[in-house]
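Scroll down for the structure; my scribbles are underneath it.
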Amino acid sequence: MQNKFWKIFQFVQAIAVLFLFSTSTLVAAETAEQSLDQEISYIQAEWQGTEMIITAAKKLERINDVPASVVVIKREDIERYGYKTLSEVLENIPGLYNLDEYFSRTNLGVRGFWSGEGSPNLIVLINGVNQIKGDNDQNPLGDTHVPVEAIDRIEIVRGPMSVIYGSGAFYGVINIITNQISESSPGAIASVSYGTSNTKRLFVRKSGREGNFHFTFNGSIYKTDGLDQPYKEMVSQPASLLFYGISKNHRTGGRLQEEQKYFQFSGASKDFTIEFIYVDSNRESIIPFPSLDQGNHYEYQQMRIAFGYQNKISDTFSLNGKLTYSTDNTHTKYDLFTEDSYGVDHYSSDFYELELNAFLNPHRDLEIALGAYSRNLLDIAINNDLPLVPQLTNNYAQLSEDNDVTTQAVYAQFTYHPLEKFSLIGGFRLEQQLRYKLEVSSGNATPNFLKTEDTYNKEDPEIVPRLAALYSFNSRNILKFLYGKAIKHASFGNNTEQLFNLLTDDLSNEYITTTEINYISQLSSTITGSVSVFHNLLDDLIVRVVKSSTNAEDPNNRFSSFRDNKGKLITNGIEFSLNVKPMFGMGAEISGTLQETEDKKNSELEVAYSPKRLGYFKAFYLMNDDWTVSLTGTYVDEMEPAWDETVTNSDSSFGNRIGKKIDGYSVFGANARLENLFSKGTYLNLRVSNLGDTEIRYPTYTANSWATEGYIGPGREVLLTIGKQFN
């Protein structure tokens, strides 16, 4: 099978090289009539402000009417630029940047703020279904293995969205839509890919209609050997690697492999929908120390099943609702120090969500949205057993018997049009997390066994407000004044850590308050642009606090460390985007973010993981009916790692960075796509990422602090895909 696959790959590669060579000297022909029609339709939608999204209000509305900053990525964008993975798509969206700490792989920072692995401050949806993990209330994009071929569009709504989505929507919502069926979309797709690091991917899609029932199935299998980088170039003192039982010549190769299986089914019939998502992921990681042999083995299984209902009862009243059941299971087996070393982590959670939304139009100038929400974590279990780290030996955490974690909320949002060109939006959410009892034990079967139980009772209801004013100079120029607040509940994982550290003070909610001015302009039929000026105040952030120990009898125990609501940051920034399409079949986009984040608790320190400048570039050219070439580019500014107050300096003082400052970097990628190869619907795609083989480094992370020089990112990568689209 491998020989046959390799022969096919060699043949396709030869055809690709011959085609690239033979067409490199050709002048572009006229654009195809079908492409012209699509381009005209696209420009007309932008010109008239009729582009619609569903994510911002859980109902269809025009982007111009959304009280937030919005970015939409379509299937044609993904195909045009040839993005290899969901991570690569998101890294090219203004304001977003990735940080890889060799564990989660995809960790998005947003507008100068990164709160650690798992992207806990963004809501991630697949077809409107929440992808949150129950144990730590995270939305780990590294475990959201949606294949790019399955994506019909991505809607990114930036800014506090807690009024509509509740806890965790600090910086907005990312909705990955994979179930759109239209007259122009293919009824089926099959593709195979091969690339750098022995990367292989097989993808199939089938969609269709049977009477009133329409459906979409997406399935993918993905394998890669992962990065192969030298350990010695990621540490200040290569000799220190001997402490971890590895030589200076060890590399990450064979220790960051991944295998993913993704299956998703969507069905709809009249007023009812069903969504089923299953992910089975096996990957290797390097945390908290360099891996000895095969890397820490991380297994993740996820299942989501959601039943939806929507009905337009009258011209002025409509309803929609959803019941979702979710289960997550992760298991990590550690590979550290010696071949027979032992260490495991296990996390599992089961929960369901119920939501109901009502939309009323009692008057032509007034729109009302009302909603109710409930989320019940039925079962959570955390087990850490890593004897090499004393504080992580036989630790167990779970809900006490007959307890669950219940979050309930109601919200209301009003849109009033006092003038034809002027809209006022106001809303609030009343959200409450009920008290629950949890228990932890540590050192099981040892003399240091300890079992503790506590009740988390921060159940006072939170009121989350939102205000906006939108003014349309005309259909092509929109000005938005936006104010919003968002909250993030202390997670079950946060609270169990408090118990393990014998701390009785409960953690409070985190907050963000954002003020933003957003201007959207269609300057002409070929030029569009937008500018946002924003001010973010993040308060009561849950951060690790280090205090001097008062135990004079133990001079080696000089510090104690725990989590507390002590973080406070302020970010001021400006974001801009300019899109130019001078002629049919050609276009370019340039975007950027300038931001400054200040730590109000320690203003003398530069904020960690916060680049001050981000830049983005995209350009494409449709050379003829079937042949498209494109170029992408991103710039991420320099970043500092975290500050650790317990580090001992050479002059016997305390406090320093856990690693070195990371330089900024620019990365370019190129893509070539050929349609109708051999037969109609057959396509060939060649994507080259990091075209110049630029060295990318990510700053050292606290949970994986051995890499004091920073983690080395991917070099030049190539992915070749051949596929077939069927009508």
Side-chain angles (χ1 to χ4, degrees), residues 19-20 22-53 62-64 70-83 89 92-94 148 151-154 180 182-186 189 474-478 520-530 576-591 616-633 668-677 679-687 721 723 725 727:
F19 184 83
L20 286 169
S22 63
T23 57
S24 62
T25 60
L26 296 179
V27 180
E30 292 185 357
T31 316
E33 181 179 349
Q34 181 180 2
S35 299
L36 279 171
D37 291 341
Q38 292 175 348
E39 194 76 18
I40 291 171
S41 174
Y42 176 75
I43 290 177
Q44 285 178 342
E46 287 190 333
W47 176 261
Q48 298 168 1
T50 57
E51 175 77 19
M52 307 290 284
I53 68 168
R62 299 188 313 159
I63 286 180
N64 285 355
V70 177
V71 175
V72 176
I73 305 297
K74 303 179 182 179
R75 173 177 286 275
E76 51 262 40
D77 298 318
I78 295 173
E79 293 179 349
R80 179 179 290 159
Y81 297 110
Y83 299 123
V89 177
N92 283 271
I93 292 174
V148 289
I151 300 173
D152 294 307
R153 65 192 277 126
I154 303 176
Q180 278 194 343
S182 65
E183 296 297 328
S184 60
S185 62
I189 303 174
N474 49 51
S475 63
R476 302 182 301 277
N477 292 275
I478 314 297
I520 307 170
S521 178
Q522 283 83 41
L523 300 171
S524 71
S525 60
T526 60
I527 303 175
T528 62
S530 67
F576 68 89
S577 182
L578 184 66
N579 192 310
V580 180
K581 293 184 177 178
M583 57 180 289
F584 293 125
M586 179 183 291
E589 179 181 326
I590 184 169
S591 308
Y616 310 85
F617 172 77
K618 303 174 187 175
F620 72 90
Y621 182 38
L622 183 62
M623 296 181 65
N624 55 33
D625 295 1
D626 303 316
W627 177 238
T628 306
V629 293
S630 63
L631 183 69
T632 59
F668 290 91
N671 190 68
R673 185 178 179 91
L674 171 63
E675 303 283 356
N676 301 319
L677 174 69
S679 62
K680 185 177 180 180
T682 304
Y683 65 90
L684 180 71
N685 199 96
L686 180 65
R687 168 70 177 178
T721 300
Q725 296 182 345
N727 293 329

When rounded to the nearest 0.5 angstrom, what is the spacing between CZ in Arg476 and CD1 in Ile520?
14.0 Å

d(Tyr616 OH, Ile590 CD1) to nearest 0.5 Å is 12.5 Å

Tyr83 and Asp77 have their tightest heavy-atom pair at CE1-O, 4.3 Å

For a quick test of reading the model, state the closest non-hydrogen atom pair linking Asn477 to Ser521 and the distance between them.
OD1-OG, 2.6 Å

For Asn727, look at atom CG and say whether over 12 heavy atoms of other residues, nucleotides or ligands are found less than 6.0 Å away.
no

Partners passing salt bridge (charged side-chain N to carboxylate O under 4.0 Å, His left out) against Glu79 (at least two apart in sequence or in another chain)
Arg75, Arg673

The test is side-chain contact (heavy atoms from CB on, under 4.5 Å); show your working for Glu589 and Asn92 and say whether it passes.
CA-CA 11 Å; Glu589 179 181 326; Asn92 283 271; over 6 Å; no

4.5 Å side-chain heavy-atom contact, Tyr683 and Asp626
no

Rounded distance [0.5 Å steps], OG in Ser591 versus CZ in Phe576
7.0 Å

Checking Arg62 against Ser475: is there a side-chain donor and acceptor pair closer than 3.5 Å?
no

For the CE atom of Met583 and the OG1 atom of Thr526, what is their distance to the nearest 0.5 Å?
12.0 Å

Heavy-atom closest pair, residues Gly633 and Phe668
CA-CD2, 3.8 Å

What's the spacing between Thr628 OG1 and Glu675 CD if we round to 0.5 Å?
6.5 Å

What is the distance from atom CG of Leu686 to atom CG of Asn671, rounded to the nearest 0.5 Å?
7.0 Å

